[in-house]
Structure formats: structure tokens, C-alpha cells
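Before any comments, here is the structure.
Values reported hereafter were calculated over all heavy atoms of this structure, with side chains retained and with hydrogens, waters and symmetry mates removed.
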Amino acid sequence: MTLKQIASLGRELVLFLRLFAGCFGRQEPRELLHGYVQGQLSSIERKSVEPMALQVGIPARTLQRFLESIKWDEEKLRDRCQQIVATEHADPRAIGIVDESAVPKSGRDTVGVDRQWCGRTGKVDNCVVSVHTSYVTEDFLCLLDSTVYLPESWAFDPVWRMKAHVPEEVEFRTKPQIAQEQIERALGHGIQVAAWTFDELYGRDSKFLDFLQGREQKFVAEVPVNFHGWVRTPKVLRQPPPNAPRRGRRKKYPRLGREIPSCEVRNLLKYSPEFRDQPWQPF
């Protein structure tokens, strides 16, 4: 957007940002938030501090201080955003998206930077990875939550943690564990979706899938071809059947019945009548 277009928002932008005034203790950071948002809305190519500050007429050091050292309640702002989405953009066909993004970085000083898979460069690279949840409807989309992934190399290195001021309460969590926390938080703020969707990094994590089923959340997941599953829900035996032999090693219960063995999904897709005889429907 141009400065003229941003200015045309006028009081509408002021009223919107006022919804988050309680996240800032003083008037100065509230005004700096307004300038920062104007910079993010602008059409400048680089959205780093100095170009944005020059664009909206704020000293670069002042805007840097807003991001670096002025205290504000970012968790409260995130929660407020989710509450607004839940009340003003509710849609029975909304889709929740779990995904990650990576930003290539040089050096070792940025929190979470390590050699790991970087989707932006398409290879293992030096980068910082964040896990996100998003909310999408036919005419609206919004980022609900975002968390920097802290690799084990960082989580268990006290020197790096101290140098980068990583809080003690921040522990190592897998990406599916981070996604589970984000979804749990969104549901607690009233976010409802028709289904969640995510790639195989999350789809292969049985605990993450169990969590979604336990919360009665529908999902469309990508899974690896060697992922084991069933076309029909298998029978679960809660106790030994009456005619079970009493000799031999005692079996643990609950356990799966034998009549429907699990199978790799690539074989289910190729050989199972439920899939083999079903015509593909493009969307």
C-alpha cells in the first residue's frame, strides 16, 4: 500500500489498533505500534526497521527500541487477536492450517539458528524455523499463532541460552508438540474450524493425531507412504475373550483384534477395494 492508501484508513486503523491498547502499558509504545503497522502495510520491498521507520517518519532507533526493549504483553495481544477472529470471522467452513517457515541466517547468534531443513532454500541450511497456525475462510485469512522452534542443540546448551537470553522456562519441544499447544490455545479462545490440515511431519506423529481425535477435531493430513493404518476402524479388545486359552504368556489389554490387520497406506490405496473402486474426484 502507498502512504496515501494507508492514510485513507484513518480513524478505522486507529480504532482497530485501539483494541490492543491494553497490551501496552504506556502511550508511547501504542503510538509506535501504529507506526510499525503502517510500515508493515506499506509497499516498500524490505520490511526491516530502518526502511519502515523512514517510510512513516519515525527515527529508526526509536522503532528499533520498540521491538527490542520496550516491554509489552505479546501473549495478550495474540490472545486478543484470536478472540476477535473467533467472534467476528466465525465460519462453519473455515480451515485451520498448521505449517512452518524457515528464514535463512548467517552466523550463530540468532535464537534457534542451526543447520536444519529450510523450505525457502529447499535444502538443509543455516536457518531459523517457526511453527505457525493459520485460519482461512473464503474471504479472510489470518495468522493465529507463531512460535520459534528451539533445536536440541540450543535447548541443551546453557552457554548459547545465556548469551541469547533464552528464558529458563523455554524447553525443547518437537514441532508437533508446539502445534498441539497452539491448537489447544486457539480452541480455548473460541476458534472453530471445519478441519485442520498439515503435512506429513505432523501427520506421522501419532500423539498429535490422538490429541486432535481426543478434542473431536476433524483433520486432513498428509502421511508417509509407509504409515500404517486401516480403512475401517479396527475392533479393540478390552479384556480376554471367554474362549481365550489360559496357557502361555499373558496378553496385555486393551489390544487390537486380529480380524483387520494394519497395512501401509500405499498398499491400502493400491489394493483396498474402498480406494481401488472409487473414482477420483478433482477439486
Side-chain angles (χ1 to χ4, degrees), residues 20 23-25 29 32-33 36-37 39-40 45-53 59-82 97-134 143-186 188 198-208 211 224:
F20 306 97
C23 305
F24 300 86
L32 291 174
L33 172 67
Y36 178 74
V37 171
Q40 290 287 357
E45 185 175 347
R46 292 182 65 248
K47 299 293 177 69
S48 55
V49 170
E50 187 171 354
M52 288 196 300
R61 183 58 190 149
T62 301
L63 192 58
Q64 180 66 51
R65 187 166 56 86
F66 168 70
L67 298 174
E68 180 183 74
S69 57
I70 290 181
K71 291 185 177 181
W72 52 282
D73 195 335
E74 63 272 17
E75 293 182 355
K76 185 176 181 179
L77 188 146
R78 174 204 60 206
D79 296 346
R80 183 74 181 108
C81 176
Q82 293 185 6
I97 300 174
V98 177
D99 203 358
E100 60 188 66
S101 65
V103 179
K105 291 283 185 180
S106 58
R108 304 290 292 175
D109 295 332
T110 305
V111 174
V113 67
D114 203 354
R115 288 196 61 78
Q116 52 194 324
W117 176 257
C118 179
R120 182 169 296 185
T121 59
K123 61 181 180 180
V124 174
D125 213 339
N126 210 52
C127 62
V128 175
V129 176
S130 297
V131 178
H132 316 280
T133 50
S134 303
L143 183 67
L144 292 175
D145 213 334
S146 183
T147 307
V148 173
Y149 169 68
L150 196 67
E152 292 182 81
S153 58
W154 270 85
F156 302 111
D157 190 313
V159 176
W160 274 8
R161 292 180 66 108
M162 183 177 297
K163 183 178 179 181
H165 305 288
V166 178
E168 292 184 4
E169 61 270 18
V170 177
E171 301 177 342
F172 171 74
R173 293 166 297 162
T174 65
K175 294 169 186 174
Q177 286 174 332
I178 294 174
Q180 177 174 328
E181 291 179 4
Q182 293 182 350
I183 293 175
E184 190 77 71
R185 189 158 44 234
F198 36 86
D199 65 25
E200 71 170 56
L201 174 68
Y202 305 89
R204 70 188 179 205
D205 191 293
S206 59
K207 292 182 179 179
F208 180 59
F211 154 73

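Here the CG-CZ distance, from L144 to R78, works out to 10.5 Å after rounding to the nearest 0.5 Å. Rounded to the nearest 0.5 Å, atoms CD1 (I178) and CZ (F172) are 8.0 Å apart. Interatomic distance, R115 CZ to R108 CZ, rounded to the nearest 0.5 Å: 9.5 Å. Taking OH of Y36 as the reference point, atom CG of L67 lies at 5.5 Å (rounded to 0.5 Å). In this structure, the separation between OG1 on T133 and CG on L143 is 6.5 Å, given to the nearest 0.5 Å. Distance check: K175 NZ to F208 CZ gives 13.5 Å after rounding to the nearest 0.5 Å.
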Checklist entry - Step by step, would you call H165 with V111 a side-chain contact (heavy atoms from CB on, under 4.5 Å)? => result CA-CA 9 Å; H165 305 288; V111 174; over 6 Å; no
Item to check | Stepwise side-chain contact (heavy atoms from CB on, under 4.5 Å) check, R120 with D125 | outcome: CA-CA 10 Å; R120 182 169 296 185; D125 213 339; over 6 Å; no
Next on the checklist: For L32 and F24: C-alpha separation, side-chain torsions, deciding distance, then whether side-chain contact (heavy atoms from CB on, under 4.5 Å) applies.
Outcome noted: CA-CA 10 Å; L32 291 174; F24 300 86; over 6 Å; no
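Surrounding CD of E50 are at most 12 heavy atoms belonging to other residues, nucleotides or ligands under 6.0 Å away. Annotation: E168, atom CD; neighbour count of heavy atoms from other residues, nucleotides and ligands within 6.0 Å does not exceed 12. Counted within 6.0 Å of NZ on K47, heavy atoms from surrounding residues, nucleotides or ligands total more than 12; the atom is thus considered enclosed. Dense packing is recorded around CD of E169, with more than 12 heavy atoms of other residues, nucleotides or ligands lying under 6.0 Å away.
Listed for the E100 side chain is no donor-acceptor partner under 3.5 Å among the backbone atoms of Y149. Not a single donor-acceptor pair under 3.5 Å links the side chain of W154 to the backbone N or O of W160. A donor-acceptor contact shorter than 3.5 Å links the side chain of D199 to the backbone of L201.
The shortest non-hydrogen separation linking C127 to Q116 is O-NE2, 2.9 Å. Closest heavy-atom contact between P29 and I70: CB-CG2, 3.8 Å.
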